[in-house]
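Please read the structure below before turning to the comments.
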Amino acid sequence: MDAIELDGFLNLHYLSNLSIGEGSKSIFFTLKKANLEEDNYDSFLYVYEDGKAFPFLEEAYGGLYVLEDKGNILYLAKGEKDETTAKFIRVNNGKKKEAFTLPFIPSLIRPVKKGTYLLATQIDLNDPHAYKDTPEKKEKKKALAKQEEDYIVLTESPFYFNGQGYIDRKRTALFLYQEKGNVLTPIHIGSQRIAAYDFTEKGVYFFADKGKAKETQFHDLYYFDFAKGKAEKILATEINVYSCLVWGNKLLIWGSVFEDYGVNENPRFFTFDPKTKKILPFFANDDGCGSSVGSDIHLGGGRVIKEDRGDLYYLTTERNKSVIRRLDPYGRVETVVDKEGGIIDFDIRDSEIYLLADYGMKATELYRREKDKIAKLTTINDKALKGRYVAKPAKINFNSCGYDIDGFILAPKDYDAKKKYPAILDIHGGPKTVYGEVYYHEMQVWASLGYFVIFCNPFGGDGRGDRFADLRGKYGSIDYNNIIDFVDAVLAKYPAIDRNKLGVTGGSYGGFMTNWIVTHTRRFKAAATQRSISNWLSMAGTSDIGYLFAEDQCGGKLLEDDGAEILWEHSPLKYGKNLKTPLLVIHSDCDYRCPLEQGYQIYSCAVENGTDAKMVIFKGENHDLSRSGKPSHRKRRLEEITSWFEKYLKKKGK
């Protein structure tokens, strides 16, 4: 079989945004693929009908579409980069006709009733009604903005957000748009940060924070009555709301209260009764919200919860896989999709479930649940992997620190048990995510190049409840021991691995752990740390989530007497004098989750120690470089990491 090529991800198609059409005869989804000339990704609207998947539109589109009644499709036309308006096209019986144009680019459009839509977009509180500007006024503002382009003014926290840039005084605004008469009605334009929303034909429920300069954790409930034309605050809550959904005559709320497990606590279900105006606990499950099974072949996501025939279906993670559970109005829960792999999106209509998923070590395809089995419907990505060596994960379960831990091993291409091979330990991010039995491109590249690739799900990960995920105050202890015990278990089971040629890499939390490993042991001959954490002290004040996450996870508040000492105790940089492992540092200059200074610090530490070190900074990229970065940048990243390991793990001698 042929090897997986390093740039093979460019031939894959990324599926998301799934919707079941009228009568379940047509299944729509977005297909993204690399545009090498423009060094980005184009979105295409696809449909599955009569056993075949094909483009619904010949041209690329703007990534938003709506299924309307009588089989009509409304979609956002692909626009220019500097465009400030959104043109929507309607397809009726195969004929395209321009429907309407909005004075902003929406992030969401949902039909409330025929000809009426709920919209979400981002506005600037410094100029909240800019959408009303005439073309002449827009040009004047452009000239004024040019005078300010050398300055950044911050008044709030968080002041930037990964993938969004600076968000100071930026807010999500909700609008109601009526096609007849071209009427755009603001539902909410204010200082409150909106967290979740849903609607009926009579009005819109939405949750928002207090609207203060520092973002607050808990959200208040508001209601916009279409007849009254205004929003009113219904009540304050002590719930951090992830999602809400109108469910019969009540509102279902999915959110966390942070009572026992901090900011990583799994959400609980609550219901709000409009008659009593009370929120009551409904179902105290121990499931996370959505799928956390990681991969580097996803672009775009999908829904995490959907109502069908009075029951709720929600996506969550169980151990090392994505599952879908059904929750009925009586609080009874049942798993209805249970298969090893990862689910990107799902939709359900009349109990029929369709999925976009990664199953059987294949790239994402469309599937349908048929009674007790999952049927594969498309072969969109099969051609890219046909005839190539895709290593199948061998699972290993072992005990470490009193916990049973799951690990996986990919054997190298043309594996011969009589030979010796180098190995790469890959550590996931999060830490509240998991590795599963899914296609991970970078791992398959290394396996094709003759490496064992090993990875596990240590303490602190998702899919096993709050207690297992509770890593607060334990970073670099149980998790580190789990990972080292995993390496020992693999070496004992696979004598063909050369224990003198071990490499380690990981991103985000995996980057933190890579930094921790190279400052606590010298058993690895090379390391590649990506988008990492090296210093919790500076992380607390510079990360978009640092003001909450660093203090919560390490157990020390920056401004308290012993806070700095606690944060420093968990920082790899504190132990930097031990760093002797050749270190490659991969970081992006627009990474606001683990800011660039984190990479600078661990790199400078390695240089100070006289350790062989190299740092590669990707301009214009953010924390998601390995998943959604420019095609050329993703290729260069993987080339840098691969060549680093080739240099140190395949050279002769110890």
### Query
Charged N to carboxylate O below 4.0 Å: is that the case for Asp470 and Arg467?
no

#### Entry: Heavy atoms from other residues, nucleotides or ligands near CZ of Arg319 exceed 12 (cutoff 6.0 Å)
yes

### Message
Do Arg593 and Phe161 form a cation-pi contact, if we require the NZ or CZ to be under 6.0 Å from the six-membered ring centre and within 45 degrees of the ring's axis?
### Response
yes

### Message
Could you tell me if the side chain of Tyr421 sits less than 4.5 Å from the side chain of Lys501, heavy atoms only?
### Response
no

### Task
Please check if any side-chain donor atom of Gln444 sits under 3.5 Å from a side-chain acceptor atom of Tyr439, or the reverse.
no

### Message
Please give me the minimum heavy-atom distance between Phe408 and Glu437, naming the atom from each residue.
### Response
CE2-CG, 3.6 Å

### Query
Do you see a donor-acceptor pair shorter than 3.5 Å between the side chains of Asn515 and Ser534?
no

### Query
With a 3.5 Å cut-off and no angle check, do the side chains of Gln217 and Asn240 form a donor-acceptor pair?
no

#### Entry: Salt-bridge present (Asp358, Lys321; N to O < 4.0 Å)
no

### Query
Cut-off 3.5 Å, side chains only: do Asp39 and Ser632 have a donor facing an acceptor?
yes

### Query
Quick check: does any side chain N or O of Arg268 sit under 3.5 Å from a backbone N or O of Asn285, one acting as donor and the other as acceptor?
yes

### Query
Among pairs that include at least one residue of residues 554-563, which meet side chain to side chain donor-acceptor pair (under 3.5 Å), considering only residues two or more places apart or in two chains?
none

### Query
Does the pair Val504 and Ile424 meet the rule for a side-chain contact (heavy atoms from CB on, under 4.5 Å), with working shown?
CA-CA 6 Å; Val504 58; Ile424 298 173; over 6 Å; no

### Query
What pair of heavy atoms forms the shortest contact from Gln598 to Ser538, and how long is it?
NE2-OG, 2.9 Å

#### Entry: Worked verdict on Tyr440 versus Tyr435 for ring-ring contact (aromatic ring centres under 6.0 Å, His included)
CA-CA 9 Å; Tyr440 218 111; Tyr435 279 137; 5.7 Å; yes

### Query
Any chance the side chains of Glu646 and Tyr451 put a donor and an acceptor closer than 3.5 Å?
yes

### Query
Would one find more than 12 heavy atoms of other residues, nucleotides or ligands at under 6.0 Å from atom CD of Glu565?
no

### Message
Are more than 12 heavy atoms, taken from residues, nucleotides or ligands other than Glu238, located less than 6.0 Å from that residue's CD atom?
### Response
no

### Query
Side-chain donor-acceptor pair under 3.5 Å between Asn399 and Asp404, yes or no?
no

### Message
Please tell me whether Lys432 and Asn266 have a donor and an acceptor in their side chains that are separated by less than 3.5 angstrom.
### Response
yes

### Message
Atom NZ of residue position Lys395 - does it have more than 12 heavy atoms of other residues, nucleotides or ligands inside 6.0 Å?
### Response
yes

### Message
Between Tyr242 and Ser256, do the side chains contain a donor N or O and an acceptor N or O under 3.5 Å apart?
### Response
yes

## Note on the structure
In short, Ser571 meets Trp536 closest at the heavy-atom pair OG-N, 2.9 Å

### Query
Do the charged groups of Arg193 and Asp209 touch, with an N to O distance under 4.0 Å?
yes

### Message
Any carboxylate oxygen within less than 4.0 angstrom of a Lys/Arg side-chain nitrogen, looking at Asp220 and Lys210?
### Response
yes

### Query
If you count the non-hydrogen atoms of other residues, nucleotides and ligands that lie under 6.0 Å from NZ in Lys420, is the total more than 12?
yes

### Task
Walk me through it: do Asp296 and Arg627 pass the test salt bridge (charged side-chain N to carboxylate O under 4.0 Å, His left out)?
CA-CA 5 Å; Asp296 55 358; Arg627 300 177 286 257; over 6 Å; no

### Query
Does any donor atom in the side chain of Tyr509 or Asp479 lie under 3.5 Å from an acceptor atom in the other side chain?
yes

### Task
For Ser322 and Leu315, work out which heavy atoms get closest and say how close.
CB-CD1, 4.2 Å

### Task
Compare every heavy atom of Phe159 with every heavy atom of Glu156, then report the nearest pair and how far apart it is.
O-CB, 3.5 Å

### Task
Please lay out, stage by stage, how Tyr14 and His298 fare under the test ring-ring contact (aromatic ring centres under 6.0 Å, His included).
CA-CA 6 Å; Tyr14 308 95; His298 299 157; 8.4 Å; no

### Task
Return yes if a side-chain donor-acceptor contact under 3.5 Å exists between Glu597 and Thr542, otherwise no.
yes

### Query
Is the shortest heavy-atom distance from the side chain of Val257 to the side chain of Glu265 under 4.5 Å?
yes

### Task
Taking only Lys NZ, Arg NE, NH1 and NH2, and the carboxylate oxygens of Asp or Glu, determine whether Asp287 and Arg464 approach each other closer than 4.0 Å.
no

### Message
On a heavy-atom basis, which atom in Ile239 and which in Thr237 lie closest, and how many Å separate them?
### Response
N-OG1, 3.1 Å

### Message
Within the 4.5 Å heavy-atom criterion, are Phe452 and Leu410 side-chain neighbours or not?
### Response
no

### Query
Can you check whether Asn622 reaches Tyr592 side chain to side chain, under 4.5 Å on heavy atoms?
no

### Task
Could you pull out all residues at least two apart from Tyr314 that satisfy ring pair (Phe, Tyr, Trp, His ring centres under 6.0 Å)?
Trp254, Phe269

### Task
Count the heavy atoms belonging to other residues, nucleotides or ligands that lie under 6.0 Å from CZ of Arg303, then report whether that count exceeds 12.
yes

### Query
So among Thr505, Leu638, Thr529, Val616, which one has a side chain to side chain contact (heavy atoms under 4.5 Å, CB included) with Ile586?
Val616

### Validation row: Asp498, Pro422 side chains within 4.5 angstrom (heavy atoms)
no

### Message
Between the side chains of Glu442 and Arg637, is the shortest nitrogen-to-carboxylate-oxygen separation below 4.0 Å, so that they form an ion pair?
### Response
yes

#### Entry: Salt-bridge contact Lys630-Glu621 (side-chain N to carboxylate O under 4.0 Å)
no

### Query
Is the closest side-chain donor-acceptor distance between Asp544 and Asn162 under 3.5 Å?
no

### Query
Who pairs with Lys635 by salt bridge (Lys or Arg N to Asp or Glu O under 4.0 Å), at least two apart in sequence or on another chain?
Glu639

### Query
For Tyr480, is the NZ or CZ atom of Lys474 found under 6.0 angstrom from the centre of its six-membered ring and inside 45 degrees of the ring axis?
no

